[in-house]
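Sequence lines set the chain letters: A, B, ... in the order given, protein chains first and strands last, and positions in each chain run from 1.
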Amino acid sequence: MRSEVKDIIEKTLKKTAEYFKKDVDFALLPCEKEEFGDFYTNLSFKLADKENSPQKIAEIIKQKISPNLKGIIKKIETKNGFINFFINEDIYRDHILKIFQNGKEYLKENIGNGKKILIEFVSANPTGPLTIAHGRQAAYGESLSRILKFCNFDVTKEYYINDAGKQIELLGESLKARYYQLKGIKCEIPEEGYFGDYLIDIAKKIKEVKDDKNFFVEFAFNEILQDIKNDLKIFGVSFDSWVKESEFIKNKEVENVLNFLKNKNLIYEKDGSLWFKTTIFGDDKDRVVVKKDKSYTYLATDIAYHKYKIERGFEIIINIVGPDHHGYIPRLKASIASLGFAPENLIVLIVQLTTLYRGKEKLRMSTRKGQFITLRQLIDEIGPDATKFFFLFRKIDSHLDFDIEVAKKQSSENPVYYLQYAYVRLKHLIKYAKEKEYTLEGNQFSIDLLNNDEEIELMKKVWKFNDIISNVVKTYGVHLLAEYLLDISKLFHSYYQKYRIVSEEKELTYARLVLIKSLLVVFELSLNLLNISLPERM
RNA sequence: GCGCUUGUGGCUUAAAUGGAAAAAGCGCUGGCCUCCGGAGCCAGAGAAUCCGGGUUCAAUUCCCGGCAAGCGCACCA
């Protein structure tokens, strides 16, 4: 396997470093340029001093390690002080044969070891439809979850519903106003309320007003939450668990956790409110948890919520949020630290905003004012797969400019179709081969016939899959997988154009079909991890 | 004013504890369909990585200082 090869080289290098009697950090990294080989190390730079140039040391190291790496390494070159390794191509051939035989199981990497992770994402307030920002978070959170699960983390996806507090009350009042306006009765939406047209549509659905002070709140809440769930379903995003903020108030968990903090002397009274000493955990100022009117702040219920996360035994807690929450992070870290959870195991991933353009026109968004393109509208316009891919293809820290016109206009040359087309081609090749009576079961294959440049390059790329995945896990950079898949698609399309896979030459055809099948495994898996659909035809 | 994030060809974006000549897509120029699906392929033009310093054998990457953009700085969520 891939990592074993790397390990052997690494260990051999380490031994050599000891010979030089220096304790240095060095890297073993993939080469950027083909001609440099597959891996290089900078060890010689680290060991160099006034007496010994990197070039000289590289040469010595090469001589020392060469005998130990026979079989794995085809040749070792030194150039400008770098030591370059060329992997024996049989390693690649063996790898694709294993994938051919064992499918995606062979690509699994046990990074997580069953560790329990909670991923909370989207968690949009049920006061309006999902926006583009939520869409980006949803696409990212879903894909990240899938990848972590594949790497043997025990993942739970959770959506936190803010159904308590001032915002939800304003929602109720806004709906009430819309309802009476429809009846021709003058009634103003509160200044801070929600002005979006969607509340008019919801108001139209009200047949009869029940005599309950929560009627409008509940009606709006239920309708909107239903819409949110529906949009997520269309987007292919699902949750294992839905948690309501109001529950923590109802079951006294907020009260309990505040008492707990009070006993630890972390709560004090000032100006008629209760304050939480977040400063002792590094926040810039203390924060109110119980307001003058005795109601809880968002932070108060959130502490209870995070206590609930911890109690369920999660070792890593990931919160995916928008950039408007960044100032909130120290408070949250303070909260969980005070509950005895290591703050570094709370990982807050901030997904930057997307700016929508329609050509030159920048589309400004405001949920409250009701001026926005919803996620649903975007999906309807350019399709769920293309939408997801646009989001996933960029790293989350980038402020994304998304031009709807471009996304639509280019739809046929959209990268996502390029990937899907590669998949369809692979699928079709297998089918075609079967029609030509090539059966893949129970055969011996001469895979050493896979020896042209394109085939070797493709096999190498397949070999790198595990590196990409572990990098994604390490950096939470889902976009790396999307990039990878685009690269490998390119290699494949090019290969396909140049060589005939299914031909009259039986042995060669079989060898190539092994490669095709292993590519298919990689594509199927990767598209699944990215949550992009696998079309049968296009 | 303070904080977080970002600044890479015309446009949208990559670049794994700092490493060799910065990589793709779109757009542009010129080619390729009697052949497993042309939603494809091949070739080409196009970048001193926002500016100024610093650390290093080596900086898109790290540090300091600017400039610009987005977002925050609530007893809202």
Side-chain angles (χ1 to χ4, degrees), chain A residues 25-27 29-33 35-36 40-42 45-46 48 53-54 79-82 84 123-125 127 162 164-168 170 192 245 271-275 284-285 287-293 295-302 322-330 350 352-353 355 368 390 393-403 406-407 409-415 417-418 420-422 424-425 428-433 435-436 467-468 470-472 474-475 477 479-480 482-483 486-487 490 492-503 509 512 516 537-538:
Chain A
D25 255 352
F26 65 93
L29 295 170
C31 295
E32 279 172 32
K33 302 273 174 209
E35 56 182 289
F36 294 146
Y40 72 88
T41 180
N42 57 2
F45 288 99
K46 303 289 178 184
S53 68
K79 204 173 178 184
N80 304 332
F82 292 96
N84 296 324
S123 294
N125 289 353
T127 52
N162 301 121
K166 201 165 154 187
Q167 295 307 321
I168 202 86
L170 283 166
E192 297 285 296
E245 182 185 8
D271 305 331
S273 313
L274 288 186
W275 296 70
D284 353 304
K285 56 178 178 182
R287 307 290 171 172
V288 171
V289 281
V290 180
K291 301 182 227 171
K292 274 193 187 117
D293 67 3
S295 63
Y296 298 125
T297 61
Y298 177 74
L299 177 61
T301 47
D302 217 19
D324 50 333
H325 282 66
H326 92 259
Y328 188 74
I329 297 170
I350 294 175
Q352 290 296 332
L353 294 180
T355 312
R368 206 155 287 172
F390 264 89
F393 195 44
R394 276 85 175 169
K395 58 179 173 192
I396 56 171
D397 328 71
S398 76
H399 304 249
L400 185 57
D401 284 345
F402 192 129
D403 186 340
V406 171
K409 198 179 91 202
Q410 296 173 352
S411 66
S412 63
E413 284 156 37
N414 209 303
Y417 299 113
Y418 188 80
Q420 290 181 320
Y421 185 51
V424 169
R425 268 188 162 167
H428 186 261
L429 277 170
I430 302 284
K431 201 177 132 207
Y432 181 84
E435 283 165 16
K436 297 280 171 192
D467 262 6
I468 299 294
S470 49
N471 240 342
V472 170
K474 214 184 295 172
T475 62
H479 69 286
L480 296 172
E483 285 247 325
L486 200 63
D487 283 352
K490 212 177 155 182
F492 166 67
H493 281 306
S494 182
Y495 172 62
Y496 176 91
Q497 196 80 17
K498 191 162 172 185
Y499 298 96
R500 199 170 166 89
I501 314 297
V502 180
S503 66
T509 300
R512 287 184 173 166
I516 296 302
R537 58 188 57 203
M538 299 182 69

How far, in whole Å, is B:G18 from B:G40 if one measures between their P atoms?
38 Å
Report the glycosidic orientation of B:C50: syn if within 90° of 0, anti in every other case.
anti
Within the structure shown, what part of the strands sits under 4.0 Å from A:D271 by heavy-atom distance: base, sugar-phosphate, or nothing?
base
Where along nucleotides 6-16 of chain B does protein come under 4.0 Å, by heavy atom, of base (B) or sugar-phosphate alone (S), with - for untouched nucleotides?
S-----SSSSB
Would you indicate what A:L429 reaches in the nucleic acid, counting non-hydrogen atoms under 4.0 angstrom: base, sugar-phosphate, or nothing?
base
State which residues pass side-chain hydrogen bond (donor to acceptor under 3.5 Å, both in side chains) with A:H493; sequence neighbours excluded, sorted by chain then number.
A:R425
So for A:Q352 and B:A69, does any side-chain atom that can act as donor or acceptor lie under 3.5 Å from a complementary atom in the base?
no
Per-nucleotide protein contact string for nucleotides 38-47 of chain B, where B marks a base within reach and S marks sugar-phosphate only (heavy atoms under 4.0 Å, - for neither)
SBBSS-----
Can you tell me which nucleotide in B:C71, B:A77, B:A20 comes closest to the side chain of A:P323?
B:C71
Non-neighbouring partners of A:D487 that pass salt bridge (Lys or Arg N to Asp or Glu O under 4.0 Å), sequence neighbours left out:
A:K461
Identify, with sequence neighbours excluded, every residue that meets salt bridge (Lys or Arg N to Asp or Glu O under 4.0 Å) alongside A:K498.
A:E454
Give A:F26 one of three labels, base, sugar-phosphate or nothing, depending on what nucleic acid heavy atoms sit under 4.0 Å from its own.
base
When you compare B:C50 with B:U5, how far apart are their C1' atoms, in angstrom units rounded to a whole number?
16 Å
Name all residues meeting the side-chain hydrogen bond (donor to acceptor under 3.5 Å, both in side chains) criterion together with A:T297; count only those two or more places apart in sequence or in a different chain, and write none if there are none.
none
Counting any heavy atom closer than 4.0 Å, what does A:Q420 reach on the DNA or RNA strands: base, sugar-phosphate only, or nothing?
nothing
Select base, sugar-phosphate, or nothing to describe what A:V424 touches, counting heavy atoms under 4.0 Å on all strands.
base
List the steps and the verdict of ring pair (Phe, Tyr, Trp, His ring centres under 6.0 Å) for A:Y495 and A:Y499.
CA-CA 6 Å; A:Y495 172 62; A:Y499 298 96; 5.5 Å; yes
Please check the phosphate of B:G37 (OP1 and OP2 only) for any side-chain N or O of A:K431 closer than 4.0 Å.
no
Under-3.5 Å donor-acceptor pair between A:H326 side chain and B:G3 base:
yes
Considering residues at least two apart in sequence or located in another chain, which fulfil the salt bridge (Lys or Arg N to Asp or Glu O under 4.0 Å) criterion with A:R512?
A:E455
With a 4.0 Å cut-off on heavy atoms, is A:K166 in touch with a base, just the backbone sugar-phosphate, or nothing at all?
sugar-phosphate
With sequence neighbours left out, write down each residue that passes side-chain hydrogen bond (donor to acceptor under 3.5 Å, both in side chains) with A:D293, or none if nothing qualifies.
A:S295
Residues in side-chain hydrogen bond (donor to acceptor under 3.5 Å, both in side chains) contact with A:D302, at least two apart in sequence or another chain
A:Y328
Using heavy-atom distances to pick each residue's nearest nucleotide on RNA chain B, tell me which of A:V288 and A:K33 is more 5'.
A:K33
Taking O4'-C1'-N9-C4 for purines and O4'-C1'-N1-C2 for pyrimidines, is B:A69 syn (within 90° of 0) or anti?
anti
Given the structure, check if the side chain of A:D324 and the base of B:G72 hold any donor-acceptor pair shorter than 3.5 Å.
no
Base B:A58 to side chain A:N80, donor-acceptor N/O within 3.5 Å cut-off
no
Which part of the nucleic acid, if any, lies within contact of A:Y495, taking any heavy atom under 4.0 Å across all strands shown: a base, the sugar-phosphate backbone alone, or nothing?
nothing
